[in-house]
Engineer: 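Below is one structure. I have some questions about it.
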Amino acid sequence: MTLELVNELGDIQVRVVKDRQPIERVQPLKTADAAPLVAIANVGGYWSTADRPAFAQGNVLTLPKLVKQRPVVVGFYCPCWGRYADPFLTTLIDLAHQVDRAGGQLLVFANEHPRYLPQKALQAPMTLVYDADKIVAQQFGVYAETDPIWDRISGISEDVYIPALYVIDGNQQIRYHFLDENFEGFTDHTTLCNALVQ
């Protein structure tokens with residue numbers, strides 16, 4: 001595409017710009033899909049847990065091992081979501097207590113190292129995992145470089161995930177999913193907790 005730009009002096013500049021590549025939309029996993037095989041080594045403190053050091057078997061956190069213990073709720077959180085970040089983190093902390101009481105465990109993947117997350121998150125009964133290269137988010141389909149959130153949600157200027165929650169059973173099947181592609185907030189605690197005990 002060729003653009004002609006006129007400055008305040010009336011000078012015309014011609015610029016040739018590349019056509020924008022067609023967007024390949026994210027394809028998030030949904031209920032009844034198989035959860036991906038996830039394994040994260042705890043190098044450099046990539047994951048942190050307040051009260052469950054048993055998760056650290058061999059310093060590798062694996063989703064298959066976790067779901068054999070009890071159902072897992074997988075969440076995705078980005079502190080750079082702007083004004084949406086803090087309310088969603090508060091929701092995750094409240095949800096962590098509910099999930100724990102319901103017999104499950106909350107595993108939250110973040111795009112920042114746990115040491116940079118708020119202290120209140122580190123003290124909640126959940127495991128925080130640094131998804132350094134957004135690999136886990138890509139496997140769950142809540143992040144794609146070709147479909148940036150900042151391109152469609154005002155107030156977000158970084159590469160971030162779609163806010164998401166998944167309940168995963170012992171067979172690594174997704175029993176429940178929540179995707180907040182429009183950043184409206186999560187309010188369906190009851191359905192999520194019911195999916196844990198099915």
Side-chain angles (χ1 to χ4, degrees), residues 24-79 88-89 92 95-96 98-100 102-117 121-122 124-149 159-181 186 191-198:
E24 183 179 321
R25 293 281 179 207
V26 291
Q27 299 290 323
L29 295 180
K30 306 257 169 104
T31 302
D33 288 340
L37 300 174
V38 174
I40 305 281
N42 196 12
V43 293
Y46 271 27
W47 52 267
S48 172
T49 183
D51 62 352
R52 291 187 172 83
F55 282 9
Q57 296 177 358
N59 285 332
V60 176
L61 184 133
T62 68
L63 193 54
K65 285 182 185 175
L66 293 179
V67 298
K68 293 296 181 205
Q69 296 171 4
R70 52 194 182 143
V72 174
V73 176
V74 171
F76 291 90
Y77 168 73
C78 293
F88 193 76
L89 179 60
L92 286 174
L95 189 61
Q98 292 177 18
V99 166
D100 192 44
Q105 49 196 330
L106 180 58
L107 181 64
V108 177
F109 291 94
N111 67 342
E112 288 194 18
H113 195 286
R115 75 173 146 244
Y116 301 117
L117 298 177
L122 299 173
M126 62 183 171
T127 301
L128 297 165
V129 183
Y130 178 37
D131 187 12
D133 296 318
K134 301 176 183 76
I135 293 170
V136 176
Q138 288 176 32
Q139 288 177 316
F140 275 87
V142 296
Y143 171 80
E145 195 173 307
T146 59
D147 188 14
I149 301 292
D159 256 356
V160 297
Y161 320 134
I162 294 171
L165 292 164
Y166 293 94
V167 174
I168 302 170
D169 66 17
N171 296 319
Q172 284 204 243
Q173 292 294 309
I174 296 172
R175 285 190 198 165
Y176 168 88
H177 76 276
F178 163 78
L179 300 166
D180 195 3
E181 295 182 82
F186 176 73
T191 305
L192 186 146
C193 288
N194 287 343
L196 278 171
V197 296
Q198 288 179 351

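The analysis underlying the following values was restricted to heavy atoms, covering all of them including side chains, and did not include hydrogens, waters or symmetry mates.
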Engineer: Not counting sequence neighbours, which residues clear side-chain contact (heavy atoms from CB on, under 4.5 Å) with Thr31? List them please.
Structural biologist: His177

Engineer: So which heavy atom on Ile149 is nearest to which on Tyr161, and how close?
Structural biologist: CG1-O, 4.1 Å

Engineer: Could you give the distance from CG (Asp131) to OH (Tyr143), rounded to the nearest 0.5 Å?
Structural biologist: 10.0 Å

Engineer: Which of these, Leu165, Val99, Val73, sits in a side chain to side chain contact (heavy atoms under 4.5 Å, CB included) with Leu92?
Structural biologist: Leu165

Engineer: Output all residues satisfying side-chain contact (heavy atoms from CB on, under 4.5 Å) with Ala164, sequence neighbours left out; order by chain, then residue number.
Structural biologist: Phe76, Val142, Tyr166, Leu179

Engineer: Hey, could you give me the OG1/CG distance between Thr127 and Leu106, rounded to the nearest 0.5 Å?
Structural biologist: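 Thr127 atom OG1 to Leu106 atom CG measures 8.0 Å (nearest 0.5 Å).
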
Engineer: Between Ala121 and Met126, which heavy-atom pair has the shortest distance, and what is it?
Structural biologist: O-CE, 3.6 Å

Engineer: How close do Val197 and Ala102 get, counting heavy atoms only, and between which atoms?
Structural biologist: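 Closest pair (atom of Val197, atom of Ala102, distance): CG1-O, 3.7 Å.
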
Engineer: Which residues satisfy the side-chain contact (heavy atoms from CB on, under 4.5 Å) test with Pro64, sequence neighbours excluded?
Structural biologist: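 So Pro64 forms a side-chain contact (heavy atoms from CB on, under 4.5 Å) with Leu37, Thr62, Gln172.
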
Engineer: Tell me, please, which residues at least two apart from Phe88 pass ring-ring contact (aromatic ring centres under 6.0 Å, His included).
Structural biologist: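 In terms of ring-ring contact (aromatic ring centres under 6.0 Å, His included), with neighbours along the sequence ignored, Phe88 is linked to Trp81, Tyr84.
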
Engineer: Please identify each residue that fulfils side-chain contact (heavy atoms from CB on, under 4.5 Å) with Asn194, with sequence neighbours left out.
Structural biologist: Thr190

Engineer: CG of Asp33 to CZ of Phe140: how many Å apart, nearest 0.5 Å?
Structural biologist: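 The CG atom of Asp33 sits 10.5 Å away from the CZ atom of Phe140.
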
Engineer: Just so I know, are the side chains of Leu192 and Phe186 near enough to count as touching, which here means a heavy-atom distance under 4.5 Å?
Structural biologist: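 Of all side-chain heavy-atom pairs linking Phe186 with Leu192, at least one is under 4.5 Å.
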
Engineer: Under 3.5 Å, is there a donor-acceptor pair between the side chain of Gln98 and the main chain of Cys193?
Structural biologist: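 No, because the side chain of Gln98 does not come within donor-acceptor range (under 3.5 Å) of the backbone of Cys193.
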
Engineer: Heavy atoms, side chains only, cut-off 4.5 Å: are Pro114 and Tyr130 in contact?
Structural biologist: yes

Engineer: Out of the candidates Leu128, Val67, Leu61, only one should pair with Leu107 under the side chain to side chain contact (heavy atoms under 4.5 Å, CB included) rule; please name it.
Structural biologist: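 Of Leu128, Val67, Leu61, side chain to side chain contact (heavy atoms under 4.5 Å, CB included) with Leu107 is met by Leu61 alone.
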
Engineer: What is the minimum heavy-atom distance between Gly141 and Val26, and which atoms define it?
Structural biologist: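 What the structure gives for the nearest pair is O-CB, 3.5 Å.
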
Engineer: Leu122 and Leu117: which non-hydrogen atoms are nearest, and at how many Å?
Structural biologist: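 Minimum heavy-atom separation between Leu122 and Leu117: CD1-O, 4.2 Å.
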
Engineer: For Asp169, give me all partners under salt bridge (charged side-chain N to carboxylate O under 4.0 Å, His left out), at least two apart in sequence or on another chain.
Structural biologist: Arg175

Engineer: Please report the interatomic distance OG1(Thr191) to OH(Tyr176), rounded to the nearest 0.5 Å.
Structural biologist: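 The distance works out to 6.0 Å.
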
Engineer: Under a 4.5 Å cut-off applied to non-hydrogen side-chain atoms, are Val38 and Val74 in contact?
Structural biologist: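 No; the side chains remain at least 4.5 Å from each other.
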
Engineer: For the residue pair Leu63 and Pro36, what are the closest heavy atoms and their distance?
Structural biologist: CD2-O, 3.6 Å

Engineer: Supply the atom-to-atom distance Asp159 CG to Glu145 CD, rounded to the nearest 0.5 angstrom.
Structural biologist: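 If I round to the nearest 0.5 Å, the distance is 6.5 Å.
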
Engineer: CD1 of Ile168 to CG of Leu29: how many Å apart, nearest 0.5 Å?
Structural biologist: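 Here the rounded value is 8.5 Å.
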
